[in-house]
Amino acid sequence: MTAAAELIRARAPGFQPALGIVLGSGLGALADRVEGAVRIAYADLPGFPPAGVSGHAGALVLGRLGGLAVAVLAGRAHYYEHGNPNEMREAIATLAALGCGSLLLTNAAGSLRTEVGPGRVMLITDHINWSGFNPLIGTAGDRRFVGMTGAYDRDLAGRLRRIGLAEAVDLAEGVYMWFSGPSFETPAEIRMARVLGADAVGMSTVPEVILARYCGLKVAALSMITNLGAGMADEELSHQQTKTEAAKGAARFERLVTALCADLAETEA
Ligand code: HPA
């Protein structure tokens, strides 16, 4: 039990979330759709990250989405803010301590496939940790040797594919490659990423997947595609564009996530 989990239990007695959700850049509006919400600022939760990036709220929101008890992390820490890939450890360990069995991670990403443009949602099926950093470096014990073969849960991915079809959300699928940021990639790096087998690039999520697997959580991850990779379109990339494009696709994205929650709630019952 983490200190934060104890505090959360005191603020929301008897509440046991089944699913944790991490909201990426520009996708924070989903937190406002949580019913019966209890909202706790990260600043009140020991070990939770300071939320320092615009487009990220910095609050834990507990309540129901699609009938499912969820714990929404509205705002995440990124490696590029402080150089610490481990900054989300306490938050993810706390979700596990509260009883979450699964974690849905979301992000904004650049697509490496011209046919998958801004506004598309991509189901992440695997990743490449290009940054070379790992949140488990320095962690003692044999549990640190986390297997990553089945890191992206097949059952959750299957549900998302089925729900995508039912909700008419045209899901792309692919491999997400983690660059540290905060500068965007160069066109040469994007060409390299394509050769190495990536379908999208972004500045988050991978350390959280590793931490979640370390904590025994099942993982699903979705990218909101906000742009084509650097050099693939005749434009300069910016965080403003990321936020604007993510917000444009947010309604479709929210439908998908809410339907996943309803689907999980049905199975739970
Ligand atoms: N690169 C890295 N991160 C991103 C991008 C990108 O092109 N778009 C949104 N987040």
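Keep in mind the model is a prediction, meaning the values are calculated, not measured. In each ligand, atom 1 is the first atom listed, and ligand 1 is the first ligand listed.
Through side-chain heavy atoms spaced under 4.5 Å, either directly or across other Ile, Leu, Val, Met, Phe, Trp or Tyr residues, Met232 is tied to Leu112, Ile128, Trp130, Val175, Met177, Phe179, Ile190, Met192, Leu196, Val201, Leu228.
For the pair Arg255 (side chain) and Glu167 (backbone), a donor-acceptor distance under 3.5 Å is present.
Residues Ile124 and Ser223 approach most closely at CD1-OG, 3.5 Å, considering heavy atoms.
Within 6.0 Å of atom CD in Glu236, 12 or fewer heavy atoms from other residues, nucleotides or ligands are found, so the atom counts as exposed in its surroundings. The environment of CZ in Arg144 is crowded: more than 12 heavy-atom neighbours from other residues, nucleotides or ligands sit within 6.0 Å.
Residues of the protein with a heavy atom under 4.0 Å from ligand 1 are Ala108, Ala109, Gly110, Phe184, Glu185, Val201, Gly202, Met203, Thr226, Asn227, Leu237, Thr242, listed by chain and number.
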Run the numbers on Arg9 and Glu6 for salt bridge (Lys or Arg N to Asp or Glu O under 4.0 Å), then give the verdict.
CA-CA 5 Å; Arg9 288 237 164 109; Glu6 278 179 25; over 6 Å; no

